[in-house]
Amino acid sequence: MYGGDEIQITPGMQHYIDKNNAYLAKRSRYIRDVVKKWKFDTIAVHGLYSVEDAIEDYQGAIIEPVFMSSSQAYRDSDEMACALGYLIPTWCYSRIANPSTYYYEWTLALLEGYGFDGETSACSTSSGMAAIAAAINPFLVHREHHTVEPRNFVATAQCYGGTFQLFNVRMMQERDIECRWVEDPTNLDEWASKIDKNTRFLYGELPSNPGMGFFDIQAVADLAHSHDIPLICDNTVATPALLRPICHGADIVVQSATKTLTSSGFGLCGALIARNDLISNIDNDFMKKDFALYTKYLPNRDSGPNLHPMQAIMTLNDMRTLRGKMDQMSRSTMKVAQFLQGHPQVEEVNYLGLPDHPLHELSSKYMWLVDAESDEQYGKPVNRYGHLMSFCVKGGAVAAREMFDGLQRIWRATDLGRIKSVATIPAISTHQQQGEAGRKLAHIPPNLVRLCVGAEHPDDIIADLDQALGAVKTATSVPAGAGA
Ligand SMILES: *Cc1c(COP(=O)(O)O)cnc(C)c1O
């Protein structure tokens, strides 16, 4: 094995280290005394990019600049040695870091950590899947060299199709790392019965895509911590405007920022956000202290799943208005869900906001529009359930496809989180690869349509659904799931 030399610190290097320590101390004070006191919208709009930063370093640009540059130049060899030895916080090379991704990361770290009294940090990735891979891999190492240990993790079976494939094929089939699926994540005993001394982490998606699965975050986090392991949550569907798992005990959050965080649809983006001092049974102090920084400086430097600076700024730009959009789109989704619930051609509607949804009460404990109590429109806490829902069309798979093909305004695409309404049939798209048994496990029937409601006027979405449902030709007497 190679590596691990102590870095020799010359007097010239010490100068840079001192200067940067002073900068870091100033940044910590700014976060603690200024930014952490702001409301959610202010953090979303400004993040850590200040007037002072802009004037001193960026010619006063009021918008965070896009640093389209592969690497950073140094004043001298001392500064370079410090930078590449990670003794000072510079960005080095865009596979490691970049000033544009930096501002995106900090905004997201602060939004996911809004209301949490500890520290959070973020590591950007090129996609949501890259974030999930980066979040789980550090826990799956062999703890002793040359010792092959059995390893497992426990995860909610109701999850995004790509996550299902990563866990089921890449981890289980190709690398012998066992994923133990939880079928009913509201049942704590089921989680507990699957944990043993070889379990490295718990993983949960909530609300899940597309099935709207949910679980008691605090209880599952407490269970994880009692076994000295972390809880990782996929918070893509709720976004930090409605749910912040870290505030309820989760250690790491993954985001497919491709989705609602980049509602304009301008490309792919991801991130992991972690609380500092997380809990793990892996003996790695840096990793536990600052998981996101560790990931960025070491594993992601070596595997390279990093985000492009242009994308970072496009996503950051969409994130500034997240709260208002989530409120509007959640309200529209509620109207659409109520309409569908009353439609004779619809068998079942899955939306956490509907009072008769079995998980309505549990999710209402967690899903709140952030800062509604200080919003003059509300002046009190209000629940919001996001813009993703799903429904089953009467008449089975054939009827679902007929309805789907009849949509005129709503786009047919394997996408969600858009400012435009988008629908898909998971069984023939996002969840096709996992096969029928895998879909059964995740509760995805063939006549299920996933709908993500955008920012159009809800009456126009309802009119489109109404005409498409009206165009279904298959007899509705066909029992559910019996279609081809
Ligand atoms: C889309 C999605 C992912 C994967 O994200 P990409 O950005 O497409 O890689 C992960 N989790 C959820 C819940 C998703 O919807």
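When a residue number appears, it is its place in the shown sequence, counting from 1. As the structure is a computational prediction, the values presented were derived from the model and not from experiment. One-based numbering, in listed order, for ligands and for the atoms of each.
- Distance from atom 2 (C) of ligand 1 to its nearest protein heavy atom, with residue and atom name: K259 NZ, 2.4 Å.
- Remark: E149 engages R143 in a salt bridge, criterion side-chain N to carboxylate O under 4.0 Å.
- Note: no N/O pair closer than 3.5 Å links A130 and ligand 1 by distance alone.
- Contact atoms of ligand 1 toward E205: 13 (C) (distance under 4.0 Å to a heavy atom of the residue).
- For the pairing with Y86, the ring pair (Phe, Tyr, Trp, His ring centres under 6.0 Å) check across W91, Y297, Y294 returns one residue only, Y297.
- Using a cutoff of 4.0 Å between basic side-chain nitrogens and carboxylate oxygens, R323 and D375 are scored as salt-bridged.
- If you check which protein heavy atom lies closest to atom 5 (O) of ligand 1, you get S256 OG, 2.9 Å.
- Atoms of ligand 1 found under 4.0 Å from any heavy atom of N209 (numbered from 1 in listed order, with element): 14 (C), 15 (O).
- The pair K365-D216 meets the salt-bridge criterion, since a charged nitrogen lies less than 4.0 angstrom from a carboxylate oxygen.
- For the pair K289 and D277, the salt-bridge criterion is met [side-chain N within less than 4.0 Å of a carboxylate O].
- Each of the following atoms of ligand 1 lies closer than 4.0 Å to a heavy atom of D234: 10 (C), 11 (N), 12 (C), 13 (C).
- Counting atoms of ligand 1 from 1 in the listed order, those under 4.0 Å from a heavy atom of G128 are 5 (O), 6 (P), 7 (O), 9 (O).
- Residue S127 has at least one heavy-atom neighbour below 4.0 Å for each of these atoms of ligand 1: 7 (O), 9 (O).
- Looking only at heavy atoms of the protein, atom 4 (C) of ligand 1 is closest to Y160 CE2, 3.4 Å.
- A salt bridge is defined here as a Lys NZ or Arg NE, NH1 or NH2 lying under 4.0 Å from an Asp or Glu carboxylate O, and R320 with E64 meets this definition.
- Distances between N or O atoms of I132 and those of ligand 1 include no value under 3.5 Å.
- Closest to atom 9 (O) of ligand 1, if we only count protein heavy atoms, is M129 N, 2.9 Å.
- Under a 4.0 Å N-O distance rule, the pair D327/R331 qualifies as a salt bridge.
- Under the 30°/60° scheme for interplanar angles, the aromatic rings of Y103 and Y49 are found to stand perpendicular.
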